[in-house]
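Chain letters run A, B, ... following the sequence lines, proteins first and then strands; every chain starts at 1. In this text, all values refer to a predicted model and were calculated from it rather than measured experimentally.
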Amino acid sequence: MTIRLFNTLSGRVEELSPADGRTIRMYACGPTVYDYGHIGNFRTFLQVDVLRRFLRLEGLETRHVMNITDVDDKIIRNAAGAGVPIGEYTPRYEQAFFEDLDALEVEKPEIVARATEHIPSMVALIERLAAQDSAYRTEDGSWYFRIASFPAYGKLSKKDFSGIADGARVDVDEYDKDSARDFALWKSPKDGEYHWQTELGPGRPGWHIECSAMATEYLGDDFDLHAGGEDLMFPHHENEIAQSESASHTTFARHWFHVRFLLVEGRKMSKSEGNFYTLRDLLLKGYKASAIRMLLISVPYRQQLNFTFEGLAAETGAIDRLRTFHQRVRTAPTVSALNAELASETARAGEVFCEALANDLNTAEARAAVFDLVRAGNAAMDAGTLGAENVPQILEVLSRFDRVFAVLEDHDVEWTRFALDWAEREGRLDQVAPELLAQRDLSDEKIQALLDKRTQAKRTRNFALADQIRNELAEKGIVIEDWKDGVRWKRK
RNA sequence: GCACCGGUGGCGAAGUGGCUAACGCGCUGGUCUGCAAAACCAGUAUUCGCGGGUUCAAUUCCCGCCCGGUGCUCCA
C-alpha cells in the first residue's frame, strides 16, 4: 500500500518510501535528559512510534535512530545545582525516560545514540565545515556556522533570510560572531565548565551539531525521514539541514515529520498554568498507562489534541470495551455456518484501518473502523450467529490494530505499581491519589476474603451486609462484578 | 506586529462541493441482576465559530471578523 505522509519540506502530503526499497532510515530527535518527561514530550514519541509500527505492519523494516542529549546548558545548570558531575546527573533521567516509554508501549528505536559518546564525529563534521569556510572560530574559542554560506537556509520553515545572507554584517561586537543568526557549533567552556579537549580546542558541542553528526554516522548523508516536535522545525532542524547539507552537498533528510503541540484542558501546557504533567504525575493520580497512550495517539499527529482528564477517563472506557470484545471473541460459542455479512464487515474494517493510517496516519479514522467491527461482532454474538470461521478473521484484524495501537494487553496494574514504588523511593507518596494509596494496603488475599464474606452474605440473602462490603471496596477503587460463573473484581 | 494551523453534538474528535455529518466517552431507555456493576441493544447535532461572497448546491472554496494555538534568540 502507498503510504502518504505530510512532508514539512514540500508542504504537501507525499508518498513515503524507502530509498533502498525495504528499510526506512529515520532519525527522531530524542530527549534532553535533565528532568522527567511530560505528556507533551510523549505525544511526539508516541506518534513516531505509531509511524514506525505502521511501517513495519506494512512490511517495511525500520532503521530508526534516536539521540539522547546528555550535555547542554540546562543539564550543566541542574547538575551544578545538584552538586554532581553531569555524568552522574543524566543517567537517572535517561533511565526514567526509557521506563516511561516502556509504560507507554513505545518500541525502542534500533539505535539510541548519546551525544557525549559521539564527540569525535561532531568534531570531524565541524572541521569539514571549517575547511570550506562554512564554520569559523571566534575570539573566545567557540565555533559558529556561517548562515550566509548556505543560501537555502530557511527552506524547511519557509523563512526568508536573504537580507542577512547578503553579507551585511550585523554588529560584531555584541555577538562576537559574523551574523546575529549564526549559531554555535562548538561552545568554549566558561569558568570550569565540563568540556572535551579536541582538535577544535576545549569545549562542548552545540545542540544542533549532535543530530547532524549522529544521523549521518548511522544513516548516511541522506536518509528517508526525520521527525520531531513542531517547535524543532526552527531553528533546530533548519540548522541541521544547513550543517549537514553544507558538508555533504546532498539532500539531508527527504521527508520531514513534525508532531503538533497539545493543549491541556484547553490551554497551552505550562508550569505557570498549573497544567504541566509528567507521565508519573498521571499514573499517581490513578490514570492508566494504556489510556494515556490511547488518548495521545488517537488524535492525528497534525491536529492540536486537547488533553483532558475527562478524555483520559473516556479512553479507559474505550479500552475496556476493546479488551472485553477481544476476550469475548475468543471464548464465545460459535455456529458452523460462516456469518457472511460479519465476514465482509471484518474485511472492510481491516482494509479501512490500514487505508486510514496510510493516509497521513489518520489514527482517528483507523480506530473508528475497529469500533465498527466491535459493534458488528457483538451484535452477531448476541444473536448467536458468530461462525467458527469468523473468529480467526476478527482476531486477525484485532491483531493488526494492536500491532499499531498496542493497548489490548493489560499491563496497567504493573505500571501503576511501578509508579507507586517509585513515589515511595522518592518520598512523593503525598502526590498519590488516596484511592491508590488505600489499595496499596489491600492485598489480593484480603480482597478475596472480603469477597468470600460477601458471597456468603448474599447466599443468606443478607443484602445489606453484601452491599456494605461492596461499598467499602468501591471506596478503595475495587470494582466488583457478579458474573454467572462467580465474582470478578479489578482495581480501577 | 508578521507568518502558519485550527474552531464540527455535553466532552474528545473524523470527514466531505450534493448520499442518514464517522468513531469513542457521556446521557436517556431497554435486556440482564436481589439491587448494582460489567456487557450488549436502541436513541441522542435539521447542523459544522460569526458575517458576507462564489456556486444549481458549502460545514467543505474565497474574503473579513472573533476566539484558541504555534513559530519569529536552543520548550516535544
Side-chain angles (χ1 to χ4, degrees), chain A residues 11 28-32 37-48 69 72-74 154 157-161 175 180-181 183-184 187 206-208 227-236 238-239 258-263 265-271 276 291 294-296 298-322 324-325 327-328 352 356 359 362-372 374-375 377-383 458 461-464 466-467 470-471 474 479-484 487-490 492:
Chain A
C29 290
T32 301
H38 56 73
I39 53 175
N41 297 123
F42 290 120
R43 176 180 198 200
T44 299
F45 295 116
L46 245 0
Q47 291 289 351
V48 171
T69 300
D72 92 319
D73 292 344
K74 287 187 292 286
S157 52
K158 315 286 185 284
K159 293 178 190 302
D160 183 5
F161 295 104
Y175 294 98
R181 290 241 173 235
F183 56 89
K187 298 181 176 184
W207 176 36
H208 317 295
E230 65 169 326
D231 59 311
L232 298 184
M233 209 163 91
F234 184 88
H236 184 53
E238 202 71 73
N239 291 351
H258 289 102
V259 179
R260 199 86 199 271
F261 270 26
L262 52 69
L263 301 181
E265 300 290 345
R267 312 208 60 93
K268 85 181 265 194
M269 179 174 73
S270 74
K271 284 179 178 161
F276 183 95
M294 190 71 157
L295 180 57
L296 289 174
S298 287
V299 176
Y301 73 97
R302 284 206 288 149
Q303 289 300 317
Q304 186 171 59
L305 149 74
N306 186 8
F307 187 98
T308 65
F309 290 108
E310 199 184 336
L312 227 32
E315 295 306 334
T316 306
I319 290 171
D320 265 350
R321 185 157 170 226
L322 289 168
T324 302
F325 177 72
Q327 175 64 21
R328 189 178 177 195
V352 172
N359 179 20
N362 190 336
T363 48
E365 194 185 339
R367 60 173 257 171
V370 173
F371 279 104
D372 284 338
V374 170
R375 196 181 331 97
N378 274 321
M381 287 187 276
D382 280 356
K458 280 178 65 179
R461 302 193 69 79
N462 185 352
F463 296 121
D467 291 352
R470 183 169 68 196
N471 290 338
V479 180
I480 294 175
E481 300 171 12
D482 290 331
W483 288 61
K484 273 183 198 154
V487 183
R488 296 183 198 173
W489 63 273
K490 62 183 179 186
K492 204 170 95 191

If you only use heavy atoms from C-beta on, which nucleotide in B/G24, B/C74, B/G12 is closest to the side chain of A/R321? B/G24
Are any side-chain N or O atoms of A/E265 and backbone N or O atoms of A/F309, one a donor and one an acceptor, separated by less than 3.5 Å? yes
In whole Å, I'd like the distance from the CH2 atom of A/W483 to the P atom of B/A36. 18 Å
Does A/K490 come within less than 4.0 Å of A/D320, counting only side-chain N to carboxylate O? yes
Salt-bridge criterion met for A/E315 and A/R367 (N-O under 4.0 Å): yes
If you compare every side-chain N and O of A/K159 against the phosphate oxygens of B/C4 (OP1, OP2), does one of them come in below 4.0 Å? no
Is the ring centre of A/F42 under 5.5 Å from the base ring centre of B/A76, and are the two planes under 30° apart, so that they stack? no
Compare side-chain N and O positions of A/N306 against OP1 and OP2 of B/G12 and report whether any pair is under 4.0 Å apart. yes
Return the pairing partner of B/C65 with a 3.5 Å limit on both distances, Watson-Crick or G-U wobble; otherwise return none. B/G49
RNA chain B: A/G311 or A/M269, which has the more 5' nearest nucleotide? A/G311
Taking only the C1' atom of each, what is the distance from B/G6 to B/C65 in whole angstrom? 16 Å
I'd like to know if A/R488 and A/D482 make a salt bridge, using a cut-off of under 4.0 Å between side-chain N and carboxylate O. no
Closest to the A/R260 side chain, choosing from B/C75, B/C5, B/A13: B/C5
